[in-house]
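Let me begin by presenting the structure, written as structure tokens, before commenting on it.
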Amino acid sequence: GFVPFKREGGELLFNLLSDRYERRSTIVTTNLNFGEWVKVFGDEKMTTALLDRLGHHSHILTTKGQSYRTHKRMKKEGG
């Protein structure tokens with residue numbers, strides 16, 4: 001999510017998730033708020049449609065706290 005998709009990449013992901021919509025389960029992890037997704041996809045309408053499909057029938061889990069990778073690294077380094 002740090003590097004924006006080229007339009008074609010965003011469209012491909014949109015098509016993949018649209019094909020899976022109401023047919024298969026999909027897990028998406030991100031550190032971006034939904035409002036920031038348009039920066040990655042570059043198209044507000046496509047981003048809104050994508051989030052609509054992802055959000056329908058979803059369970060959204062929000063976590064807070066230290067990064068799992070940071071915690072694991074600190075534990076490995078003895079800190």
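Positions are given from 1 along the sequence.
One finds the CE atom of Met46 at 10.0 Å from the OG atom of Ser18 (value rounded to the nearest 0.5 Å). Here the straight-line distance linking atom CZ of Arg53 with atom CG of Asp19 works out to 10.0 Å at 0.5 Å rounding. Rounded to the nearest 0.5 Å, atoms CG (Asp52) and OG1 (Thr47) are 12.5 Å apart. With rounding to the nearest 0.5 angstrom, the CD1 atom of Ile27 is 9.5 Å from the CG atom of Leu61.
At least one side-chain heavy atom of Leu50 sits less than 4.5 Å from a side-chain heavy atom of Trp37. In this structure the side chain of Glu44 reaches within 4.5 angstrom of the side chain of Val38, judged on heavy atoms. At least one side-chain heavy atom of Glu36 sits less than 4.5 Å from a side-chain heavy atom of Asn33.
Residue Phe41 is grouped with residue Val28 when hydrophobic side chains (ILVMFWY) are merged at heavy-atom distances under 4.5 angstrom, including chains of intermediate members. Follow the hydrophobic side-chain contacts under 4.5 Å out from Leu13 and you reach Leu51 in the same cluster. Under the 4.5 Å side-chain heavy-atom criterion for grouping Ile, Leu, Val, Met, Phe, Trp and Tyr, Phe34 is connected to Leu32 within one hydrophobic cluster. The hydrophobic cluster containing Val40 also contains Ile60, counting ILVMFWY residues as joined when their side-chain heavy atoms lie under 4.5 angstrom apart, directly or transitively.
For Arg7, the salt bridge (charged side-chain N to carboxylate O under 4.0 Å, His left out) partners are Glu11, Asp43, not counting sequence neighbours.
Side-chain atoms of Arg20 do not come within 3.5 Å of backbone N or O of Leu16 as any donor-acceptor pair.
In plain terms, the two heavy atoms of Ala49 and Phe14 that are nearest each other are CB-CE1, 3.7 Å.
The local environment of CD in Glu22 is crowded, with over 12 non-hydrogen atoms from other residues, nucleotides or ligands closer than 6.0 Å.
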